[in-house]
Amino acid sequence: MVVGSSKLRKILTVKQEMVEKEKEGKMSSEKERVCSPSKRDAPFFSWPWENLNNFKYLLYGPLIAKVLYSIYKDEIKKGAWCLHILILFEHRALVHQLWSTYSSMLFLNRTRQIDQRGVDFKQIDAEWHWDNFLILQAILASLVYLSFPSLASLPVWNTKGVLCCLILHIGISEPLFYWMHRLLHSPTLFQRYHWLHHSSKINHPFTAGHTTFLEQLLLCIIVGIPTLGTAFLGYGSITMMYGYLLLFDFLRCLGHCNVEVFPHGLFETIPILKYLIYTPTYHSLHHKEMRSNFCLFMPLYDKLWNTMHANYWAFHQEICSRTSSRVPDFVFLAHVVDVISAMHAPFVFRSFSSIPFSNKLFLFPLWPYTFLVMLVMWAKSKTFLCSFYHLRGKLHQTWAVPRFGFQYFLPFAAKGINNQIEDAILTADKLGVKVISLAALNKNEGLNGGGTLFTSKHPDLKVRVVHGNTLTAAVILREIPRDVDEVFLTGATSKLGRAITLYLAQRKVKVLMLTLSIERFTKIQKELPADCQKYLVQVTKYQAAKNCKTWIIGKWATPREQYWAPSGTHFHQFVVPPVIPFRRDCTYGMLAAMRLPDEVEGLGSCEYTLGRGIVHACHAGGLVHFLEGWEHHEVGAINVDQIDIVWKAALKHGLKPV
């Protein structure tokens, strides 16, 4: 008990001291420089190819040309060094990408996340060109090979070379980096250069490469001493070059990954490891306070020069002792649309996920692999945490049902999908989630009656189940100009179609309802007052709308069907996925959506094809339900009388129409 109390006091001390330092302003001077840098024009601050954007990859062109020419001339040995550089730097980029994927897999590591605020769009944009250093080192490596041709004939393996490289790293690179790093934290150099690296609020593997040109030149010296030093001493090898550089990047990403991967018991069993290898927690303290933990990979040098954070050990123990993560207040239960869009997940390609989804050429070679993942998910996976954001101190999460759009239309898959959704609802209820909102096909009327299946089966649910379609209907209706007196509606007898029909008819708008079912049409018509029933007209063919310029699409429309719309038609839509815009003489609306309030924090991914900070209306509808604190479930048919109420509530809480 005495030992346990002592450890608890240490853990509390970490938080207490950090709060006190914030209050006392001990870190204010450095933090002000991070938040408001005054100089970006310092010598060697910017990258020479900064204005090239993605055309910077053309700088690899000479290397690629040399390899192709060598193959063409059947002189591959002469171009082997170019091939090695290309392969090595491709693998180095892959190391960073894999670490990025791992650090974003919240379903695996959410309890070990060190800083749980989330990486936002601003940081993602700032770190967009994190791989600049790879181009720099490829260019320098080419110059070195051209200057010293003997390096092109290194053996595959040399045992003495591995030992020599290790000695040079520990004896020269580590202490040299330590003092260079401390120098970069001096007021002048920090304000001119190093602030850029610390401008990233949350550590991420890509943050490791987010530095100025000058700092990367200095890092080339750190890397070059063990590698080139060993080669010039006569002990170099290809394995040593590959191994050192890949391990170097691996450890740099590890320190910036924001996920603690080392168990605390490992260091208690082998205490010396505390000084031989740094941890993500160790380096995160440097980014928080910036006055300690300056080492490259070995805390030994912080210990020698008395800059090791005093409470690192207790903080590491606190992170490792977590058994659960914070319970979300609101959950949006999404699903995958198709195989290609599955690669838009935040843990696949962070940068791609931060922009609205669109088909890209680089996705198609990955299609077979993603298809195999889809099959594995179908067989084994359960609903998982995908992304999150914070709003006014509350945690909002997106969970994903591991099912793809086409699976929702397979009759034999319906039971399994409903089981997944039911498990997610029951899990949310058990955790104490206030509201769970069902996305798109998860609330399909034919699948589960718009959520009624779950609320009927579990009448004692504390979590409120919401389909969000009331706000979806409100968004669509607000897009229709007030002076429109006639609309053409497909999917007219669906849940949304019915609500839109009834609302417009009450506004004296003529609705051409495309449906073959007289029974369904009559049923909806009878819900209206007698004086409004005349505004509903049943039509059975698209030709009936050839003179109507306001189309509301609730059912997939082929190019031939869209052809019947007159020139100048605007297509409103609530069909998932949205229709393909074939008509150049017409305009197409996006899926019903709303912009989140300005106070949102930690949001770094886009919701399918929507822009940054914009979510589907059903997501926003669940959010409004939570913010209002409504106690009823919103399932089944839409209450038309609630449409205006929900819309006003959304605006009141800061959501904005797109």
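- Ring pair Trp630/His632 is tilted by interplanar angle, where 30° to 60° counts as tilted.
- In the model, His210 has a side-chain atom that pairs as donor or acceptor with a side-chain atom of Ser200 under 3.5 Å.
- Arg464 places no side-chain N or O within 3.5 Å of a backbone atom of His625 that could act as its donor or acceptor partner.
- Closest non-hydrogen pair, Ile124 versus Gly604, comes out as CD1-O, 3.2 Å.
- Heavy-atom minimum distance, Phe521 versus Thr515: CB-CG2, 4.1 Å.
- Closest approach of Thr472 and Ala592 over heavy atoms only: CG2-CB, 3.8 Å.
- Distance alone, capped at 3.5 Å, places no donor-acceptor pair between the His619 side chain and the Ala439 backbone.
- Residues Asp120 and Tyr389 have side chains that never bring a donor and an acceptor to within less than 3.5 angstrom of each other.
- A donor and an acceptor atom, one from each side chain of His204 and Ser100, are located under 3.5 Å apart.
- When every heavy atom of Pro566 is checked against every heavy atom of Ala545, the shortest pair comes out as CD-O, 3.7 Å.
- When each of Asn639, Asp644, Ile643 is tested with Asp641 by the rule side-chain contact (heavy atoms from CB on, under 4.5 Å), just one qualifies, namely Asn639.
- Although no hydrogens or angles enter the test, the distance criterion places no donor-acceptor pair under 3.5 Å between the side chain of His335 and the main chain of Val401.
- The aromatic ring centroids of His616 and Phe332 lie 6.0 Å or more from each other.
- Remark: Phe406 CZ is packed, more than 12 non-hydrogen atoms of other residues, nucleotides or ligands lying under 6.0 Å away.
- Between Trp378 and Phe412, the ring-plane angle classifies as parallel under the 30° and 60° cut-offs.
- Heavy atoms of other residues, nucleotides or ligands lying less than 6.0 angstrom from NZ of Lys534 number 12 at most.
- Annotation: Arg520, atom CZ; neighbour count of heavy atoms from other residues, nucleotides and ligands within 6.0 Å does not exceed 12.
- Summarising the local packing, CD of Glu519 is surrounded by 12 or fewer heavy atoms from other residues, nucleotides or ligands at distances under 6.0 Å.
- With a 6.0 Å radius and a threshold of 12 heavy atoms from other residues, nucleotides or ligands, Phe582 has its CZ atom above the threshold.
- Ionic pairing of Asp531 and Lys508 is present here: one or more N-O contacts between side-chain nitrogen and carboxylate oxygen are shorter than 4.0 angstrom.
- Counting non-hydrogen atoms of other residues, nucleotides and ligands closer than 6.0 Å to CZ of Phe364 gives a total above 12.
- A salt bridge is defined here as a Lys NZ or Arg NE, NH1 or NH2 lying under 4.0 Å from an Asp or Glu carboxylate O, and Asp485 with Arg507 fails to meet this definition.
- Note: Ile524 CD1 to Met513 CE = 4.0 Å, rounded to the nearest 0.5 Å.
- For the residue pair His653 / Glu628, a side-chain donor-acceptor distance below 3.5 Å is found, with atom types taken as modelled.
- Around CG of Leu372, the count of heavy atoms belonging to other residues, nucleotides or ligands within 6.0 Å exceeds 12.
- Ring pair His390/Phe388: centre-to-centre distance below 6.0 Å.
- When only modelled atom types and interatomic distance are considered, Thr207 and Glu127 share a side-chain donor-acceptor pair under 3.5 Å.
- Looking at Asp115 and Lys201, no side-chain N of the basic residue comes within less than 4.0 Å of a carboxylate O on the acidic one, giving no salt bridge.
- Ring centroid separation for the pair Phe206 and Trp130 comes in under the 6.0 Å cut-off.
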